[in-house]
2 protein chains.
Amino acid sequence: MPLSREKIAATAIRLADAHGLDGLSVRKIAKELGVGPMRLYDYVINRSELLDLMVDVVYARIAEVDQHSEWRATVLAVAHATRDVALDHEWFSDLLGGRPHLGPHALAVGEATAAALSQAPGVRSLDDLQRALGALNAFIIGAVRREVTERRTARSTGTDEAAWQASLGPYLTRMLKTGRYPTVARLVIDGVHLDAEETFNHNLTTVLDGITSRPRT
Amino acid sequence: MPLSREKIAATAIRLADAHGLDGLSVRKIAKELGVGPMRLYDYVINRSELLDLMVDVVYARIAEVDQHSEWRATVLAVAHATRDVALDHEWFSDLLGGRPHLGPHALAVGEATAAALSQAPGVRSLDDLQRALGALNAFIIGAVRREVTERRTARSTGTDEAAWQASLGPYLTRMLKTGRYPTVARLVIDGVHLDAEETFNHNLTTVLDGITSRPRT
DNA sequence: CCCGTTACCGTACACTGTATTGGTGGATAC
DNA sequence: GTATCCACCAATACAGTGTACGGTAACGGG
């Protein structure tokens, strides 16, 4: 098999899954494929384009979700799908929103959510749709990003309470002891660990409710 | 003046403003300061810590906003302030949400928004506050990120219509001509360029309205 | 006087993205 | 059958990166 953009993207994704975006280099991909580093540049113009390629492969998985007749179901499905793939490929969240996603599959999911949102009550004009899309996408990007970095720090410091107290603890507890951040302190100390998916879903419907019930103009 | 974390952070910010995060290297900062590269590691443990330093300096500017008695006014002020500084320091949006922000000034703005949100109607329990904070921050992060990358691509392709048609045009118009993305096509072709700040404000109030008017549970 | 601390500096290493230059082998055209 | 092209492949080279490591010179307190 002669090597192709697809194969390159696939192994690049594998490596990025394993070692993160920082641990991903052209040379390592090439070595993994058993070829010289420069071979890749016959298929890809840049490292950036390689990343775009990987991103669109992931978007393809998002685009697989079923289209529901109800607009809200479709939006929910797409949102949860992007959360799911972002948790599978954490580097995806680093790229999400960082550059315009114009690959065919990215456009497909853009189309799906736009079409669904255009049928929501409260979005009447094209301007409304534009704004609603912006709000929805902003939330998804930010929420996924937050969750992934949270998960990363949890993993690096160690999940258990003790390890956490040992690493972030000294600095953070000292900070909170100053009394300058009472609300944050209450959140950190008394806050329970909410289920991530449920929180995502909850906030997502919050945003959707905000969109459908236009308050002013 | 003997060199200090503050001076390092300041010149690092200057360089990042001018050439972006990719154009920022330890060696360039050192050269700008007229010292050897290794000097910086006497004040900073990592490049990452350097970035954290820069981030917290920017958070200091956000923390300067006045506290209003009305919770909504405070939240709006903080949100717009972070948007403003992100537009001044575009690299900030690349870091936003990418790692936990635990600097003193970051904690200060966290405290301010948390305290304000806790007084909003509809957030009664600590869990509610946690979720509301999540939703708000997710939106801010995503919205700012989106706007900055939009601004970047607009600048790189050229603002005027002609240059845009020349760069992205060929590929995008070809894609849209396929008819597979009708809604996106309508958005791209017939969509007017909405005022960015107004859109941000609009969507922000949408999110806040969603938070205050709890639908279920 | 010594001695620890603080500010400072240079060299070196492993690694990055990519420009450049070249060499195959087989298909096609005459 | 020979020439020509082209997809595929490989090696070398360069400028730039983060940072580990080992050092020097001034100075203030005992």
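Numbers restart at 1 for each chain; the letters A, B, ... are given by sequence-line order, proteins then strands.
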Q | Separation of D:dC8 P from A:Lys7 NZ (nearest whole Å) | A | 12 Å

Q: Measure the distance from CG on A:Asp42 to P on C:dT20 and round it to the nearest whole Å.
A: 14 Å

Q.
Applying side chain to side chain donor-acceptor pair (under 3.5 Å), can you list everything that pairs with B:Arg27, at least two apart in sequence or on another chain?
A. none

Q. Among all residues two or more places apart in sequence or in another chain, which pass the salt bridge (charged side-chain N to carboxylate O under 4.0 Å, His left out) test with B:Arg83?
A. B:Glu147, B:Glu197

Q: Could you check how far CD1 of A:Ile45 sits from C1' of C:dA19, rounded to whole Å?
A: 13 Å

**Q.** Side chain B:Asn46, main chain B:Glu49, donor-acceptor under 3.5 Å
**A.** no

What's touching nucleotides 15-18 of chain D from the protein side, N or O pairs under 3.5 Å?
unit_1: D:dT17; atom_1: OP1; unit_2: B:Ser25; atom_2: OG; d: 3.1
unit_1: D:dG18; atom_1: OP1; unit_2: B:Val26; atom_2: N; d: 3.3
unit_1: D:dG18; atom_1: OP1; unit_2: B:Arg47; atom_2: NH1; d: 3.2
unit_1: D:dG18; atom_1: OP2; unit_2: B:Val26; atom_2: N; d: 3.0
unit_1: D:dG18; atom_1: N7; unit_2: B:Arg27; atom_2: NH1; d: 2.3
unit_1: D:dG18; atom_1: O6; unit_2: B:Arg27; atom_2: NH1; d: 3.1
unit_1: D:dG18; atom_1: O6; unit_2: B:Arg27; atom_2: NH2; d: 3.4

**Q.** Check: B:Arg152 and B:Glu90 side chains under 4.5 Å, non-hydrogen atoms
**A.** yes

(Q) Counting only side-chain heavy atoms from C-beta out, which of C:dT18, D:dC9, C:dA7 sits nearest to B:Arg39? (A) C:dA7

Q.
Nearest whole Å is fine: how far is D:dC8 P from A:Met38 CE?
A. 18 Å

(Q) Please verify the inter-ring angle class for A:His101 with A:Phe92; under 30° counts as parallel, over 60° as perpendicular, anything in between as tilted. (A) parallel

Q: Starting from P on C:dT6, measure out to CZ on B:Arg5 and report it in whole angstrom.
A: 15 Å

Q.
How many whole angstroms separate atom CG of A:Leu40 from atom C1' of D:dC8?
A. 13 Å

(Q) Any donor-acceptor pair under 3.5 Å linking the side-chain atoms of B:Thr183 with those of A:Glu111? (A) yes

